[in-house]
Amino acid sequence: LTVRDIERAEIHLREAVALAPDEAHYHYLLGFTYSIAEAWPSARNELREAVRLFPGNAEYIRALGWALHSGGEKESGIQYLRKSIRLDPANAWALSDLAVAYTCDHEFDRAVRCAERALRLSPDDERLQETLRMARYFKKEFDRMGSAAAPWMGGGTSASLSPSRRSEIR
């Protein structure tokens with residue numbers, strides 16, 4: 001995974017899951033691999049299994065929330081991201097993911113608040129700084145353009161950002 005050889009990582013992790021199907025961390029790593037590849041149904045299945053096996057793990061819950069939201073299960077994804085933060089309120093990355101999810105859902109005030117909170121936890125983190133910049137940028141553009149911003153941002157006011165816009169802010 002660290003060298004981004006997704007295909008090889010998937011092969012080895014599938015073997016690990018087959019050898020130790022009750023090992024939550026293997027399911028998490030395989031789900032994480034599928035998330036990198038944006039294979040959302042497979043990611044959700046593996047991450048759900050990781051959470052089932054280790055229901056109190058905030059990171060597994062965060063990853064599941066991101067996969068759900070990214071795969072179109074918006075409200076469920078938000079709920080899992082919030083649960084992850086309740087379990088580990090100092091996890092700046094979970095707050096950042098929630099900020100991106102809110103941005104994608106055009107909930108800009110919430111996005112900015114989450115990104116600001118994340119940045120307070122880790123003020124030197126460039127990814128968190130970028131998340132806040134982008135949340136503020138999209139809020140400003142949406143406020144400036146009003147309903148004319150909807151097509152640019154991926155649809156009507158209830159639609160999420162297009163995949164290319166989503167990747168820009170994550």
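Everything numeric in this text was worked out from a predicted model, so none of it was measured.
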Pairing of Arg120 and Asp125 as salt bridge, 4.0 angstrom limit: no

message: Given 3.5 Å as the limit, does a donor-acceptor pair link the side chain of Thr103 with the main chain of Ala99, or not?
response: yes

- prompt: Do Leu47 and Ser35 have side-chain heavy atoms sitting under 4.5 Å apart?
  reply: yes

task: Check step by step if side-chain hydrogen bond (donor to acceptor under 3.5 Å, both in side chains) holds for Glu46 and Tyr34.
output: CA-CA 9 Å; Glu46 292 302 328; Tyr34 288 136; 5.6 Å; no

message: Would a single hydrophobic cluster contain both Ile36 and Ile11, if residues Ile, Leu, Val, Met, Phe, Trp and Tyr are joined by side-chain heavy-atom contacts under 4.5 Å?
response: no

task: Would you give the length of the straight line joining atom NZ of Lys74 to atom CD of Glu107, rounded to the nearest 0.5 angstrom?
output: 11.5 Å

task: Treat each ILVMFWY residue as a node, draw an edge where side-chain heavy atoms are under 4.5 Å apart, and state whether Phe32 and Leu13 are in one component.
output: yes

task: Hey, can you tell me if Phe54 and Tyr60 have their rings parallel, tilted or perpendicular (30° and 60° cut-offs)?
output: perpendicular

task: Is it possible for you to say whether Leu95 and Leu81 belong to one hydrophobic cluster, with membership spreading through side-chain heavy-atom contacts below 4.5 Å?
output: yes

Arg127 bridged to Glu130 by N-O distance under 4.0 Å: no

message: I want to check something: taking the side chain as every heavy atom from C-beta on, are Ser70 and Glu38 in contact at a cut-off of under 4.5 Å?
response: no

statement: Tightest non-hydrogen contact, residues Gly77 and Leu68, listed as CA-CB, 3.7 Å

Short N-O contact, Asp143 and Lys139, less than 4.0 angstrom: yes

query: Between atom CD of Gln79 and atom CZ of Arg82, what is the distance when rounded to the nearest 0.5 Å?
result: 5.0 Å

message: Under a 3.5 Å threshold, yes or no: a donor from one side chain and an acceptor from the other, between Asn57 and His25?
response: no

- prompt: Hey, are the side chains of Asp105 and His69 touching, using non-hydrogen atoms and a 4.5 Å cut-off?
  reply: yes

Trp93 CH2 to Ser84 OG distance, which is reported to the nearest 0.5 Å: 13.5 Å

- prompt: What distance separates Arg62 CZ from Leu87 CG, expressed to the nearest 0.5 Å?
  reply: 13.0 Å

task: If a pair satisfies salt bridge (charged side-chain N to carboxylate O under 4.0 Å, His left out) and one of its residues is in residues 10-35, list it, with sequence neighbours excluded.
output: Glu10-Arg14

query: Just by distance, do the side chain of His27 and the backbone of Pro21 share a donor-acceptor pair under 3.5 Å?
result: yes

- prompt: Do Glu73 and Arg48 sit within salt-bridge range, that is, some charged N less than 4.0 Å from a carboxylate O?
  reply: yes

field: Side-chain (Glu49) to main-chain (Ala24) donor-acceptor, under 3.5 angstrom
entry: no

query: Does Leu121 share a hydrophobic cluster with Tyr102, counting links as ILVMFWY side-chain heavy atoms below 4.5 Å and allowing steps through other members?
result: yes

- request: Please examine the side chains of Val100 and Trp66, heavy atoms only from C-beta on, and report whether any two atoms are closer than 4.5 Å.
  value: yes

- prompt: Between Phe108 and Tyr137, is there a shared hydrophobic cluster once you connect ILVMFWY residues whose side-chain heavy atoms come closer than 4.5 Å?
  reply: yes

field: Validation row: Ile85, Asn91 side chains within 4.5 angstrom (heavy atoms)
entry: no

- request: Report yes or no: does Thr33 contribute a side-chain atom to a donor-acceptor pair with the main-chain N or O of Ala9 at less than 3.5 Å?
  value: no

message: For a quick test of reading the model, state the closest non-hydrogen atom pair linking Val112 to Leu132 and the distance between them.
response: O-CD1, 3.9 Å

query: For Tyr28, does the OH atom sit with more than 12 other heavy atoms under 6.0 Å from it, leaving out its own atoms?
result: yes

- request: State the OG-CZ distance between Ser122 and Arg117, to the nearest 0.5 angstrom.
  value: 14.0 Å

query: How far does CD of Glu141 sit from CE of Met134, to the nearest 0.5 angstrom?
result: 10.0 Å

query: In chain order, what residues pass the salt bridge (charged side-chain N to carboxylate O under 4.0 Å, His left out) check against Arg136, with sequence neighbours excluded?
result: Glu116

